[in-house]
Protein chains: 2
Amino acid sequence: MEEEDKFSNNEKIMSSFTHEKAGMKGINREKIDKIIYEASKNTDFFNHEQQKTDQVQKKIKSMKNEIQKNIQKGPRFIKESSDEIDRKIREFEKERILTETWIHVDMDMFYASVEIRDQPDLADKPIAVGDTQMITTANYIARRFGVRSAMPGFIGKKLCPELIFVPPNFGKYQAEGEKIREIFKEYDPNFESMGLDEANLLVTPVLRERGTDTHEGRQALAMEIREKIFVETQLTASAGIACNKLLAKMATEINKPNGQFYLQPDRDKITEFIEQQKVRKVPGIGKVLEKILNELGVDVCGDILKKKLEISFVFNNTSLAFLLKSALGLGSTSHTGVSEEQKSISISRTFPPTENIDEIRKKLITFCENIAKELEEKDAECRNVTVFIKRGNYETINRSETSKKLINTLEDITNLAFRQLETLQPLGQIRLLGLKVGNLSFGRKKRKSIQSFLAEPPAETEPKGVIQKKATSEEEFVNSFLHTPLTPEKKVIEDAKPTGIKLMRLQCPVCGQWFTMSEYRMSVHVSECVNDNGAKKRKVSLEGENKRIKSQKGLTLDHFFTKK
Amino acid sequence: MEEEDKFSNNEKIMSSFTHEKAGMKGINREKIDKIIYEASKNTDFFNHEQQKTDQVQKKIKSMKNEIQKNIQKGPRFIKESSDEIDRKIREFEKERILTETWIHVDMDMFYASVEIRDQPDLADKPIAVGDTQMITTANYIARRFGVRSAMPGFIGKKLCPELIFVPPNFGKYQAEGEKIREIFKEYDPNFESMGLDEANLLVTPVLRERGTDTHEGRQALAMEIREKIFVETQLTASAGIACNKLLAKMATEINKPNGQFYLQPDRDKITEFIEQQKVRKVPGIGKVLEKILNELGVDVCGDILKKKLEISFVFNNTSLAFLLKSALGLGSTSHTGVSEEQKSISISRTFPPTENIDEIRKKLITFCENIAKELEEKDAECRNVTVFIKRGNYETINRSETSKKLINTLEDITNLAFRQLETLQPLGQIRLLGLKVGNLSFGRKKRKSIQSFLAEPPAETEPKGVIQKKATSEEEFVNSFLHTPLTPEKKVIEDAKPTGIKLMRLQCPVCGQWFTMSEYRMSVHVSECVNDNGAKKRKVSLEGENKRIKSQKGLTLDHFFTKK
DNA sequence: ACTAAATTG
DNA sequence: ATATCAATTTAGT
DNA sequence: GTCCGGGCG
DNA sequence: TGGACGCCCGGAC
Ligand SMILES: Nc1ncnc2c1ncn2[C@H]1C[C@H](O)[C@@H](COP(=O)(O)OP(=O)(O)OP(=O)(O)O)O1
Ligand SMILES: Nc1ncnc2c1ncn2[C@H]1C[C@H](O)[C@@H](COP(=O)(O)OP(=O)(O)OP(=O)(O)O)O1
Ligand SMILES: [Mg+2]
Ligand SMILES: [Mg+2]
Ligand SMILES: [Mg+2]
Ligand SMILES: [Mg+2]
């Protein structure tokens with residue numbers, strides 16, 4: 001009974017492992033949640049999550065309060081407010097554009113897919129890429145057990161005792177990512193990439209050029225892109241086809257994996273689609289905002305319009321516009337002048353909680369070395385240095401300092417970093433340390449003029465360094481990059497969904513190689529093969545360590561919505 | 001004809017020398033403006049003013065545009081907007097408080113008054129305190145010619161060839177200011193002082209205590225304060241009595257000089273008063289905002305309500321609220337928790353335009369010395385250093401830098417200042433140099449903890465200084481503080497206005513001294529004189545240089561309006 | 001400028 | 001027992 | 001945090 | 001011929 005209560009309390013705790021996000025309907029959710037709760041309770045992590053949830057609940061309470069306060073201003077005020085919102089909606093609606101076509105492509109269970117391709121024995125087993133600490137992704141078999149991205153491995157194992165952990169090979173994913181981006185480039189040289197395994201392509205020009213800007217033509221094009229990806233990588237992708245970036249992205253998930261969904265560029269069709277989508281599916285609505293909206297009675301996007309008045313009382317104009325546009329299925333239809341330059345470089349590591357300041361210092365030194373090296377590689381300098389930690393109780397704290405002059409040397413970075421580390425003392429138990437540099441300048445060109453050089457402030461670091469030269473204990477980073485040779489797939493890949501591509505093992509009459517591809521695509525291959533194109537590309541391989549993928553620009557709402 | 005055109009163009013140039021501000025009705029405005037224009041045209045100053053005016057005109061144009069755009073949204077939108085404003089007005093109106101009494105006291109032609117008191121020969125002549133460069137104030141005789149505060153002396157001389165320039169004696173004004181503040185303190189220990197010569201007093205407690213919280217009692221109290229001031233300083237003051245700070249201040253001017261105005265705490269009386277006041281009289285509305293409002297058809301405060309819709313389209317919520325509250329005669333009725341601590345210290349000087357960087361450097365050094373000295377005197381440190389210049393064309397530019405650590409030494413300040421000076425190069429012709437320090441900390445106490453001390457960043461100044469030790473060329477500062485002995489006034493001071501105090505030369509039967517005072521006040525003096533109070537105070541004199549008055553907190557709207 | 005929080009893959 | 005890491009944006013101060 | 005501009009006496 | 005000085009706040013970036 002006590003347990004019961006705790007659990008039902010806990011149900012309100014926001015979970016990152018939403019059942020709304022990945023592609024699986026009608027799973028034994030209660031059982032999964034119960035297992036997660038049992039594995040979570042009484043941990044520092046859980047405790048911290050609870051505190052965060054409490055904060056959010058407080059916020060929600062004050063929001064509800066604010067709503068009541070506003071409602072009590074009387075029917076007149078409510079009328080005025082409603083009218084104002086409707087006016088906004090009309091404004092937004094005016095900007096609706098249905099004449100562009102976007103295709104959003106996203107690889108299926110990307111990391112897992114790569115691993116399965118290279119170890120076909122895994123194909124029919126539940127797998128997770130990662131370790132008992134953290135799962136980056138899981139295949140669809142494992143997902144049926146509730147296994148998710150961002151779930152600690154030990155919980156995944158509880159949910160699915162058969163679960164096999166595959167250590168990540170980041171280099172491979174990077175390489176596959178480059179391959180698909182090469183393909184994207186053919187269809188839209190300015191494609192917007194939102195992660196290694198996905199991109200939004202404005203394909204209106206291609207469609208017009210080909211004279212296939214029709215319902216069928218658009219779907220055929222998505223199919224073509226996906227096939228090309230499969231040919232180049234032996235990995236399946238899914239796609240969403242719609243008239244703007246937001247809808248294209250949201251459509252992608254509908255027929256995942258290895259499927260695609262075409263949302264007709266029709267006002268009514270769009271409404272029908274969007275109004276029944278869970279708000280959490282909207283990029284930009286994460287677990288916190290979802291929780292808030294749920295508490296306001298908003299479950300699916302259609303509810304946003306139903307509760308627009310309440311929403312307008314508690315969100316600022318930017319957020320209100322964002323939510324209304326989402327609910328209307330309105331999104332950016334043109335390429336956003338996205339700033340290409342990276343804005344920050346960071347490195348962080350989790351370790352067994354320690355209070356030992358000297359250990360921390362050593363780690364920080366190696367972080368500085370890493371960052372300094374990366375700055376040099378990228379011919380960059382920085383002005384801001386941020387040191388951040390996560391306490392034993394999962395509190396995170398960061399301290400930063402902005403230097404007046406550009407810096408890039410190990411010495412300068414180390415000095416600033418250590419100054420910040422000191423401000424964090426006394427440390428107590430700490431489980432993560434991180435270092436970030438920001439305010440980047442690339443290619444030490446933009447020295448405005450001689451004057452600014454004359455006026456350059458002196459270095460803010462002390463000449464005498466705390467630095468221990470070359471403490472390169474890089475054993476954390478594994479060397480496991482080499483691409484495992486392809487093992488030919490025997491089985492014909494089946495696809496139950498009508499949108500799936502019919503794939504089969506076919507031999508190229510020119511090069512004699514076997515491929516898993518559609519018949520259409522084989523014809524393409526043959527002509528390519530004559531020119532000795534396809535084969536070469538597949539030999540590309542990268543060298544380096546098995547680091548995590550860095551320099552992936554963060555996702556922003558700008559990608560999906562037009563600003564104003 | 002050409003001249004004509006230029007002049008009529010020029011009429012649109014905003015003049016600081018508004019005819020609305022000081023107390024004089026129906027003067028030969030055209031003639032005055034013409035003279036000012038003739039003296040101004042073809043000067044760098046005028047050219048710069050014109051550029052600023054052009055900028056404002058551009059802004060006004062875009063505002064009018066915005067208004068049109070909004071109006072064209074249709075009657076429905078206009079209705080909604082109007083309703084929203086009316087709702088706001090109703091909200092504001094709810095907070096109206098009529099039960100407090102504020103008395104705002106302001107010395108008449110303050111500096112001039114002091115000079116005339118000490119040189120009674122000047123009493124019947126037009127005088128201006130200042131020099132051919134700049135007039136700080138003028139007596140009422142000179143004002144009739146159009147002579148104004150902030151007017152350059154040579155223009156004043158053109159307007160009034162008889163004008164006599166009296167060099168300022170800042171020390172005296174400071175001393176007189178202290179005297180009146182002593183008096184204010186008796187009536188409201190928390191009085192809010194807005195300048196040397198004025199203050200807002202919340203006198204409700206005194207009135208209640210005395211049982212004189214009536215129309216008559218309030219006016220009598222103002223009279224009493226003014227009389228006391230006259231006794232202590234031989235200077236006349238005017239007063240405004242109203243239910244909030246804003247109205248009290250605005251009321252003060254009505255019967256200036258040597259008069260007072262009582263605005264009854266009655267909704268209708270207030271409306272009648274405020275709606276006919278020129279907007280420029282509202283503290284916070286200066287020449288730019290006045291110009292903008294005028295162009296929108298707003299001349300007097302009543303027009304604000306007439307044009308509230310248009311105003312709401314082009315001003316943000318803060319400004320809109322400010323304007324609406326002004327128009328409603330709503331102001332703060334309680335003491336604002338005003339931050340007492342000074343926020344910045346600055347020094348600046350105008351000189352014949354020069355390009356000589358070394359001269360500038362020398363000046364900057366002496367400024368640094370001044371500032372460092374002042375910091376020491378005030379037991380203060382600073383973090384921000386700002387260097388600013390005014391170019392030959394009156395453009396002003398400032399460059400600032402915030403150090404991570406508190407500084408107060410001559411060396412540190414000099415180094416930061418020079419770094420900023422360099423960023424201003426190439427200087428070109430420059431007519432003013434200034435130095436400001438901000439982010440002040442007083443009484444080097446608030447060292448938060450040991451950690452913050454440990455983490456203190458190293459000094460950001462170079463040890464090797466550009467400093468030339470002791471370049472104390474202080475010949476700019478004149479030693480002219482000694483209080484000129486009082487010359488007894490012969491004439492009986494006349495007062496035409498009913499609110500004026502009947503003043504006459506009276507001899508005290510106790511001390512035998514002659515005073516200019518009312519009979520009522522003489523009775524008070526006699527008893528004071530027995531206790532040897534009044535006499536002593538008058539002997540107080542300050543020592544020091546004839547510097548400008550510093551450390552006078554800037555005026556902010558907070559003083560008059562309630563926030564939120 | 002600095003800090004915390006939210007979000008994405 | 002065991003809860004990532006890189007990157008970005010926004011809002012508050 | 002920096003810079004500009006408006007405002008007041 | 002020639003147009004001050006010291007202080008404050010708010011907005012934009
Ligand atoms: N929280 C995370 N932490 C670290 N890596 C992640 C995380 N989420 C996703 N990734 C990595 C692993 C994924 O394979 C890859 C692409 O993410 P994503 O497209 O969202 O899922 P997925 O490709 O694994 O499955 P699917 O797209 O089929 O739902 O990014
Ligand atoms: N630009 C300026 N504007 C106003 N006053 C200034 C200026 N520069 C210096 N001062 C000084 C001189 C004034 O005597 C003193 C008080 O200002 P203020 O009360 O506005 O005018 P005033 O006391 O001279 O005349 P009155 O109050 O009778 O209109 O501040
Ligand atoms: Mg994916
Ligand atoms: Mg993805
Ligand atoms: Mg005055
Ligand atoms: Mg005054």
Side-chain angles (χ1 to χ4, degrees), chain A residues 39-40 43-46 49 52 110 130 132-137 149-155 194-198 283-289 316 318 342-350 384 386 394 396-402 432 434 436 548-558, chain B residues 39-40 43-46 49 52 110 130 132-137 149-155 194-198 283-289 316 318 342-350 384 386 394 396-402 432 434 436 548-558:
Chain A
S40 296
T43 63
D44 289 335
F45 176 84
F46 185 75
E49 287 299 304
K52 285 199 292 184
F110 185 47
T132 64
Q133 280 232 126
M134 186 53 59
I135 291 168
T136 65
T137 197
S149 284
M151 176 180 280
F154 71 92
I155 289 182
M194 320 249 340
L196 270 187
D197 82 326
E198 64 179 292
I285 300 183
K287 64 174 176 175
V288 173
L289 190 46
N316 66 19
T318 317
Q342 192 177 357
K343 299 216 166 92
S344 68
I345 298 171
S346 72
I347 180 170
S348 65
R349 287 291 175 270
T350 296
N384 180 280
T386 303
Y394 291 87
T396 67
I397 302 151
N398 69 64
R399 291 287 173 262
S400 93
E401 175 175 356
T402 303
L432 172 142
K436 179 178 81 158
R548 253 168 218 281
I549 294 131
K550 299 185 62 158
S551 281
Q552 192 65 31
K553 295 271 289 190
L555 169 65
T556 71
L557 301 183
D558 285 9
Chain B
S40 295
T43 64
D44 288 336
F45 176 83
F46 185 74
E49 287 299 303
K52 284 199 291 185
F110 184 47
T132 63
Q133 275 231 128
M134 187 55 56
I135 292 168
T136 65
T137 196
S149 284
M151 176 178 279
F154 72 92
I155 289 183
M194 319 247 340
L196 270 189
D197 82 325
E198 64 181 291
I285 300 183
K287 65 172 175 175
V288 172
L289 191 44
N316 67 18
T318 317
Q342 192 178 356
K343 302 222 165 101
S344 68
I345 298 172
S346 71
I347 180 170
S348 65
R349 287 292 175 270
T350 295
N384 179 282
T386 303
Y394 290 90
T396 67
I397 302 152
N398 69 62
R399 290 289 173 261
S400 91
E401 174 174 357
T402 302
L432 173 142
K436 180 178 81 158
R548 252 164 220 280
I549 295 130
K550 298 186 60 158
S551 279
Q552 192 64 30
K553 294 272 287 191
L555 169 66
T556 73
L557 301 183
D558 286 10

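Lettering of chains follows the sequences in order, A, B, ..., and the numbering in each one begins at 1.
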Rounded to the nearest 0.5 Å, what separation is found between the [atom1] atom of [X] and the [atom2] atom of [Y]?
X	Y	atom1	atom2	value
B:Met151	B:Gln133	CE	CD	15.0 Å
A:Lys436	A:Ile347	NZ	CD1	14.5 Å
B:Tyr394	B:Thr43	OH	OG1	6.5 Å

Looking at every strand, decide which applies to [X] at a 4.0 Å heavy-atom threshold: base, sugar-phosphate, or nothing.
X	value
B:Thr350	sugar-phosphate
A:Lys52	nothing
A:Asp44	nothing

- Side-chain donor/acceptor of A:Ser40 to base of D:dA3, under 3.5 Å: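 Under the 3.5 Å cut-off, the side chain and the base do form a donor-acceptor pair.
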
Starting the side chain at C-beta, find the nucleotide from [options] nearest to [X].
X	options	result
B:Met134	D:dA3, D:dC5, F:dA4	F:dA4
B:Glu198	E:dG9, C:dT3, D:dA3	E:dG9
B:Val288	C:dC2, E:dG7, F:dA4	E:dG7
A:Ala150	D:dT4, D:dC5, F:dA4	D:dT4
A:Arg399	D:dT8, C:dA4, D:dA3	C:dA4
A:Gln342	E:dG1, D:dT4, D:dA7	D:dA7
B:Asp197	D:dA3, E:dT2, E:dG9	E:dG9
B:Ser348	C:dT7, E:dT2, F:dC5	F:dC5

[X] to [Y] - nearest heavy-atom pair and separation:
X	Y	result
B:Thr137	B:Ser149	CA-OG, 3.6 Å
A:Leu289	A:Gly284	CD2-O, 4.1 Å
B:Ser348	B:Gly434	CB-CA, 3.7 Å
A:Leu196	A:Phe110	CB-CE2, 4.1 Å

Counting only side-chain nitrogens and oxygens, does [X] get under 4.0 Å of the OP1 or OP2 atom of [N]?
X	N	answer
A:Arg349	D:dA6	yes
B:Ser400	E:dT2	yes
B:Ser346	F:dC7	yes
A:Lys436	D:dC5	no
A:Thr136	D:dT4	no

For nucleotides 11-13 of chain D, which of its nitrogen or oxygen atoms have a protein nitrogen or oxygen under 3.5 Å away, and what is each distance?
residue, atom, partner, partner atom, Å
D:dA11, OP1, A:Asn316, ND2, 3.4

Measure the distance from [atom1] on [X] to [atom2] on [N] and round it to the nearest whole Å.
X	N	atom1	atom2	answer
A:Asn398	C:dA6	CG	P	14 Å
A:Leu289	D:dT10	CG	P	14 Å
B:Met194	E:dG7	CE	C1'	11 Å
A:Ile347	D:dC5	CD1	P	10 Å
B:Met151	F:dC5	CE	C1'	18 Å
B:Ile135	F:dG2	CD1	P	17 Å
B:Lys287	E:dG6	NZ	P	8 Å
A:Ile397	C:dA5	CD1	C1'	14 Å

- Note on the structure: With both pairing distances under 3.5 angstrom for Watson-Crick or G-U wobble, and | for a partner in another strand, the correct string for DNA chain F is ....|||||||||

- Query: Between B:Ser344 and B:Tyr394, who's closer to the 5' end of DNA chain F by nearest nucleotide?
  - Reply: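 Mapping each residue to its closest nucleotide by heavy atoms, the 5'-most match is B:Tyr394.
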
- Query: Are side-chain heavy atoms of B:Pro152 and B:Ile135 found at a separation under 4.5 Å?
  - Reply: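 No. Closest side-chain heavy atoms not under 4.5 Å.
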
- Query: How about A:Thr402 and A:Asn384: does a side-chain donor come under 3.5 Å of a side-chain acceptor?
  - Reply: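 Short answer, yes.
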
For atom [atom1], what is the distance between [N] and [M], given to the nearest Å?
N	M	atom1	value
F:dC7	C:dT8	C1'	47 Å
C:dA1	F:dA12	C1'	15 Å
F:dC13	C:dC2	C1'	16 Å

- Message: Once side-chain contact (heavy atoms from CB on, under 4.5 Å) is applied, do any residues pair with A:Thr350, and if so which ones, sequence neighbours excluded?
- Response: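 By the side-chain contact (heavy atoms from CB on, under 4.5 Å) rule, A:Thr350 matches A:Arg431, A:Leu432.
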
